Amino acid sequence: MPHELSKSYEPGAIETRWADYWIKEKLFSVPTPSEGRADDARPVFTLLLPPPNVTGRLHMGHMFGQTQMDIIVRWHRMRGFTTLWLPGTDHAGIATQMMVERDLAKEGKKRRDLGREKFIERVWEWKKLYGGAILDQMKRLGASVDWDREYFTMDENLSRAVREVFVRLYEEGLIYRGKYIVNWCPRCETAISDLEVKHEEVAGKLWEIRYPVVGSSEFITVATTRPETMLGDTAVAVNEKDERYRHLQGKKVLLPLMGREIPIILDEIAQPEFGTGAVKITPAHDPNDFEAGKRHNLPQIDVMDEHAHMNQNAGRFKGLDRYEARKRVLEDLHEQGFLVGEKEYTLALGKCDRCGTVIEPRLSEQWFLKIQPLADRAIEAVESGEITIVPDNYRQIYLNWMNNIHDWCVSRQLWWGHRIPAWTCINDACNEVIVAREAPARCTKCGGARLEQVPDVLDTWFSSGLLPFTTLGWPKKTRDQAVFYPTTLLITAYEILFFWVARMIMFGCHFMQGHEQDAAIKTASGWGERKNDSVPFRQVYIHALVRDAERQKMSKVKGNVINPLDVIERFGTDATRFTLAAMAAPGTDIAFNESRTEGYRAFANKIWNAARFMFMNVDRIEPGLRPDGGNIRAGTGESPAQLGIRGFQPSTLEDRWILSRFNRVAADVNDALQTYRFHEAANRIYDFFWGEFCDWYLELIKPRLYFEEGADKSSARIACTNLVNLFDGSLRLLHPIMPFISEEIWHAMYGGAPQLRSIALAPYPEFTESQVDIAAEMEMAILQDLIVSIRNLRSELKVDTKVKVPIELFVHEPKIRRMIEQNSSSVGRLANVERITFAEGALANRSAVRSTSRFDVHVVYERKIDVAAECEHLKKELEKIEKEFANNQRQLGNEQFRAKAPAKVVEGLRTRAEELTMLRDKTKRKLEEIGCP
RNA sequence: GGGCGGUUAGCUCAGCUGGUUAGAGCGCCUGCCUUACAAGCAGGAGGUCGCAGGUUCGAGUCCUGCACUGCCCACCA
């Protein structure tokens with residue numbers, strides 16, 4: 001049966017077909033390995049997908065991350081690991097709630113119009129409607145996740161685990177409830193954590209207001225960037241050391257506009273060098289003032305409501321929005337002569353990460369996680385190397401953050417999320433708060449039956465921080481945990497290092513303390529020591545960010561978001577993945593550039609056509625021929641030597657050469673992937689496949705394939721076998737980066753071998769030393785040099801493409817001359833040469849000659865060369881040689897260099913010196929010969 | 001206010017632990033529809049590696065300073 005590949009490469013159809021096939025065949029599903037099963041002998045590789053927001057849409061950042069994950073995952077699977085990539089989605093509290101609220105707004109409704117229950121129902125509907133989108137998109141990317149284990153952070157079992165964690169932490173005294181200043185978003189109407197506040201430098205003002213000192217004609221001047229908060233002032237602080245205010249100790253000031261007498265206190269919050277040295281204290285509206293207020297027992301006067309509108313405590317300003325109030329306060333202060341200064345001032349304004357609204361520090365009752373004990377262990381885990389962070393510089397960033405961590409406000413005044421498992425007794429004035437796994441029937445204090453669950457939900461990151469173990473069945477002790485925990489690796493973007501990675505480490509170390517991975521499980525090598533199995537993962541790889549072609553960070557607001565599906569639509573998933581891989585040098589952000597993708601689509605097309613070429617010949621010469629590589633299975637104890645190219649019978653120079661080159665590439669690619677140098681892996685494969693396999697090898701074997709009618713087919717058969725096996729190996733090498741085209745061609749090659757389900761399960765090529773042939777590589781390099789030299793001369797002499805020219809060749813070494821003689825038909829074919837005449841002496845003093853240290857080659861062609869152009873060329877050439885030679889001699893003449901540089905380098909320079917001398921002399925003679933001035 | 005990264009060909013980027021002649025893709029120029037591929041083939045032009053010092057036998061690579069640029073972190077009014 002002839003192999004079928006359509007004439008042109010159309011990625012769309014191929015890619016969707018294989019994506020469906022992989023899922024239908026459950027190719028990437030990993031059943032729980034049972035104890036003592038043979039498979040347990042295989043090492044385990046586990047990767048948790050950073051869960052995208054359930055209602056999210058795929059953007060280039062996702063695709064970038066997932067491409068890298070998929071490459072690593074497929075690579076491990078092919079290398080014989082039991083490979084689990086665990087997918088899921090996050091309920092994304094604020095983000096999702098906002099979307100649904102926006103949707104409601106179209107109907108002119110607010111969430112309170114519906115009420116909590118109805119609203120949540122609506123979110124679930126929304127989730128059902130849009131929730132699968134991102135997963136469908138992932139399928140299009142070819143992400144080889146285990147779809148059978150897909151989770152959602154609000155699944156019942158995960159929710160139960162969240163409650164369990166909360167209750168345990170509460171019982172351990174690590175979760176507490178209290179009234180503190182938190183970051184409040186007036187638009188989202190909820191508290192948010194420090195991490196969710198983004199600071200932005202803006203030009204603002206610093207106003208100076210004077211407060212009259214009671215019982216004196218003096219004033220004390222304070223400075224503020226938020227004058228409206230003065231309505232809630234309960235003191236003015238000055239520094240003890242500040243002589244200017246020493247005499248005011250114990251006195252009071254009359255708060256303007258409010259007519260309230262407030263004390264002057266001594267506190268180091270006031271720094272003499274800053275502003276006037278006196279500072280207003282508003283304990284209900286500023287975290288520093290809050291602390292100062294506690295130190296001095298000051299009342300807390302909250303002058304705003306949850307919308308940041310002024311409340312009854314703001315007197316006549318009640319009802320005004322905070323900025324309107326600011327304006328009016330300033331006007332009034334000015335009128336009454338209290339406003340004495342206004343300066344330009346740059347301030348770092350905190351904004352809500354989600355909606356951009358300016359944050360209001362607000363006094364409110366919240367739940368906090370006492371972080372220090374957790375952080376201590378999380379620091380230890382990284383410092384001790386139980387978790388390694390790559391690239392290394394993120395390690396310090398992580399440690400800095402962890403060392404300066406504050407308690408985490410985990411409660412949110414939202415409706416969508418895990419509701420805090422706490423109940424308030426509303427029986428009379430009891431107010432007892434009960435934290436429990438399930439709703440209690442009676443109050444534990446007063447015995448009353450009227451209990452109400454706390455309305456708050458938990459920060460989204462609270463539940464996602466638990467995923468490494470909750471997705472494996474925690475709190476139950478499961479076989480999955482014994483096998484897959486700790487996960488091997490985490491690949492993620494820097495953005496969520498603190499939000500997510502840090503929390504997972506804290507929670508993992510805490511809740512999995514004492515956990516031990518089944519001793520029979522071999523973990524992947526290269527991921528640090530197995531000292532402590534409570535960590536959620538052994539290594540974290542932080543990848544860079546994708547920017548647009550102008551290096552701008554992509555954001556919906558800017559409208560510069562590149563939709564990967566558009567790119568995929570035009571160039572194919574494989575080409576898009578290859579682009580991302582080829583640009584993914586660790587550490588640096590990438591500017592997504594479509595012209596690259598276009599180039600890699602051309603690469604896919606090149607592979608496609610090479611495959612068509614192969615099939616054309618196989619069908620003609622040896623129909624039914626299949627490669628051998630797929631018949632060996634990964635992880636079955638085959639020695640590495642057997643994982644190279646199988647069934648390859650090197651019978652010619654080009655055979656020996658390509659086999660050797662292939663093994664070098666395999667070595668480099670494995671090496672590159674081990675250290676996340678995706679770009680290097682991609683480039684190596686690209687250069688090999690196009691630059692060596694297609695440009696040289698395929699061209700060189702054509703004479704063997706195009707045998708004469710009735711001639712012996714045996715060398716054609718060998719050529720075919722080699723071709724097929726090499727192609728098979730190359731596809732396997734390529735597969736992690738370009739899974740679709742490799743699968744398509746691979747199946748065509750193995751057509752009718754049903755036991756081979758997918759190239760994704762075939763072994764990954766490894767370096768096989770016995771297949772390296774240094775002599776072949778050297779000889780081939782000379783041959784390539786010769787062919788290129790002839791092509792150069794032809795081009796300079798403007799020889800018509802179709803004309804075959806005779807050449808004269810002088811080779812110093814007999815061995816090399818013999819080698820060229822043996823391969824003269826290759827030279828003839830690839831350089832369009834009619835016949836080769838070997839000269840017995842050097843050919844340097846002739847025009848139309850190219851020289852290297854190994855040979856002189858002369859193209860015999862009657863057309864007169866362009867003397868002027870040739871002169872210019874030769875002069876330039878000579879100049880270059882002289883320059884290098886001078887440099888070369890300078891170094892060799894240096895005694896220090898000869899003494900200190902490695903012998904290899906010195907020797908290299910000496911050899912080069914000889915070459916250069918020879919080339920210089922030849923070039924000079926040529927110049928004379930032609931008669932250049 | 002701290003910390004981190006970038007600056008290499010017209011454009012987008014490689015260049016790992018310092019070592020002989022700094023690479024690729026795209027674009028550009030020349031010639032080819034050569035029976036796998038014009039999404040191709042062959043050849044070519046194009047770079048004082050941001051600036052100034054330093055270390056070294058030797059610096060795109062290490063150190064210092066500067067300039068420009070981007071990012072992150074930060075409860076000083």
Side-chain angles (χ1 to χ4, degrees), chain A residues 5 7-9 181 194 199 206 222-226 237 269-271 274-276 278-282 286-291 345 347-348 350 361 393-394 396-397 400-401 404 406 494-495 497-498 544-545 547 549 551-553 582-583 585 587-593 595-596 598-617 671-672 675 677 679-680 683 686-687 694-695 698-699 706 788 791-792 794-796 798 800-802 831-832 880-881 883-884 887-888 891 894-902 904-913 916:
Chain A
L5 277 196
K7 184 117 198 274
S8 64
Y9 166 59
I181 295 271
D194 295 346
H199 294 270
L206 187 65
V222 298
T224 179
T225 56
R226 294 189 300 147
I269 192 174
Q271 292 174 17
F274 190 92
T276 60
V279 56
K280 60 192 268 314
I281 302 294
T282 325
D286 182 281
N288 288 317
D289 294 6
F290 175 81
E291 293 299 329
Y345 191 76
L347 59 154
N393 58 310
Y394 289 109
Q396 202 50 52
I397 294 176
N400 284 345
W401 185 80
N404 294 296
H406 300 288
Y494 170 70
E495 296 179 283
L497 179 61
F498 307 136
L545 231 59
R547 301 169 178 282
R551 302 213 115 266
Q552 297 287 308
K553 196 170 165 174
M583 299 187 80
T588 36
D589 289 350
I590 67 172
F592 191 82
N593 190 332
S595 72
R596 292 283 289 263
E598 216 174 320
Y600 294 127
R601 179 189 53 179
F603 177 54
N605 187 55
K606 187 79 183 175
I607 296 168
W608 188 260
N609 282 299
R612 286 179 54 230
F613 172 78
M614 167 179 66
F615 289 143
M616 206 178 79
N617 288 292
D671 192 48
T675 45
R677 288 167 1 241
H679 67 300
E680 202 179 301
N683 283 328
Y686 180 97
D687 290 340
C694 288
D695 286 352
L698 290 185
E699 293 306 324
Y706 300 154
V788 170
R791 284 172 178 170
N792 271 321
R794 291 181 54 105
S795 169
E796 270 166 38
K798 301 216 180 330
D800 191 285
T801 330
K802 290 187 191 98
N832 220 6
K880 240 171 96 178
I881 294 167
K883 204 173 145 193
E884 196 194 327
N887 192 36
N888 175 294
Q891 283 194 70
N894 188 324
E895 199 185 323
Q896 297 263 39
F897 169 75
R898 291 198 309 269
K900 290 185 185 172
K904 210 175 73 188
V905 175
V906 179
E907 199 40 51
L909 270 186
R910 289 219 171 98
T911 315
R912 184 66 185 158
L916 286 170

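Numbered from 1 within each chain, the chains take letters A, B, ... in sequence-line order. All figures in this text were calculated on a predicted structure; none of them were measured in a lab.
Taking atom C1' on both A14(B) and A24(B), the two are 7 Å apart, rounded to the nearest angstrom. Taking atom C1' in both G47(B) and U7(B), the straight-line distance is 14 Å, to the nearest Å. The P atoms of G5(B) and A77(B) are separated by 28 Å, rounded to the nearest whole Å. To the nearest whole angstrom, the two P atoms, one in C13(B) and one in C71(B), are 15 Å apart. Comparing the C1' positions of U20(B) and G60(B) gives an interatomic distance of 16 Å, to the nearest angstrom. Separation of the C1' atoms belonging to U61(B) and G19(B) is 11 Å when rounded to the nearest angstrom. C29(B) and A9(B) have their C1' atoms separated by 15 Å, with the value rounded to a whole Å.
Side-chain contact between Ile269(A) and Asn288(A): present, with at least one pair of heavy atoms (C-beta onward) separated by less than 4.5 Å. Between Trp401(A) and Leu497(A) the shortest side-chain heavy-atom distance does not fall below 4.5 Å. Side-chain contact check for Pro287(A) versus His406(A): every heavy-atom pair is 4.5 Å or farther apart. A 4.5 Å side-chain heavy-atom check between Lys904(A) and Glu907(A) finds every atom pair outside the cut-off. Contact of the Phe290(A) side chain with the Thr282(A) side chain is not registered, since no non-hydrogen atoms from C-beta on lie closer than 4.5 Å. The side-chain heavy atoms of Phe897(A) and Leu909(A), taken from C-beta on, include a pair separated by under 4.5 Å. Counting only heavy atoms from C-beta outward, the side chains of Lys7(A) and Arg612(A) approach each other to under 4.5 Å.
Pairing of U12(B), defined by two Watson-Crick or G-U wobble distances under 3.5 Å, is identified with A24(B). Base pairing of G1(B) is made with C73(B), judged by Watson-Crick or G-U wobble geometry with both donor-acceptor distances under 3.5 Å. Nucleotide U7(B): paired with A67(B) (Watson-Crick or G-U wobble, both distances less than 3.5 Å). The base-pairing partner of A42(B), taking Watson-Crick or G-U wobble contacts with both distances under 3.5 Å, is U30(B).
Rounded to a whole Å, the CG atom of Asn683(A) is 10 Å from the C1' atom of G23(B). Atom CE in Met616(A) sits about 11 Å away from atom P in U35(B), given to the nearest Å. Protein atom CE of Met614(A) is 14 Å distant from nucleotide atom P of A36(B), rounded to whole Å. If you measure from atom NE2 of His199(A) to atom P of C72(B), you get 12 Å, rounded to the nearest angstrom. Between Asn393(A) atom CG and C73(B) atom P the separation is 15 Å, expressed in whole Å. Here A24(B) presents its P atom at 17 Å from CE of Met583(A), a figure rounded to the nearest Å. Look at CZ on Arg601(A): it is 13 Å from P on A38(B), rounded to the nearest Å. The interatomic distance linking Phe498(A) (CZ) with C72(B) (P) rounds to 11 Å, in whole Å.
Side-chain to base pairing of Gln891(A) with C57(B): no donor and acceptor N or O lie closer than 3.5 Å to each other. Taking 3.5 Å as the limit, the base of C57(B) and the side chain of Asn894(A) contain no donor-acceptor pair of atoms between them.
Put simply, His679(A) has no side-chain N or O that comes within less than 4.0 Å of OP1 or OP2 on A24(B). Here Lys606(A) reaches the OP1 or OP2 of C41(B): one of its side-chain N or O atoms lies under 4.0 Å away. Remark: Arg596(A) is not in phosphate contact with U12(B), judged by side-chain N or O atoms under 4.0 Å from OP1 or OP2. Using a 4.0 Å cut-off, some side-chain N or O of Asn887(A) falls inside it from OP1 or OP2 of U21(B).
Contact annotation for Tyr494(A): backbone-only contact, meaning every heavy-atom pair under 4.0 Å involves sugar-phosphate atoms and none involves a base. When heavy atoms are screened at a 4.0 angstrom cut-off, Tyr394(A) is found touching no nucleic acid atom at all. Across all strands shown, Ala582(A) has no heavy atoms under 4.0 Å from either base or sugar-phosphate atoms. Nucleic acid contact for Pro361(A): none, since no nucleic acid atom lies under 4.0 Å from a heavy atom of the residue. At the heavy-atom level, Asn888(A) lies nowhere under 4.0 Å from the strands shown. Residue contacts for Arg912(A): at a heavy-atom cut-off of 4.0 Å it reaches a base atom on one of the strands shown. Within the 4.0 angstrom heavy-atom criterion, no nucleotide atom of any strand lies near Gly599(A). Nucleic acid contact class of Phe290(A) (heavy atoms, under 4.0 Å, all strands): none.
Closest to the side chain of Glu699(A), out of G44(B), C37(B), U34(B), is C37(B). The side chain of Ala223(A) lies closest to A77(B), out of G19(B), A39(B), A77(B).
Ring geometry for Tyr394(A) versus Tyr494(A): interplanar angle of 30 to 60°, hence tilted.
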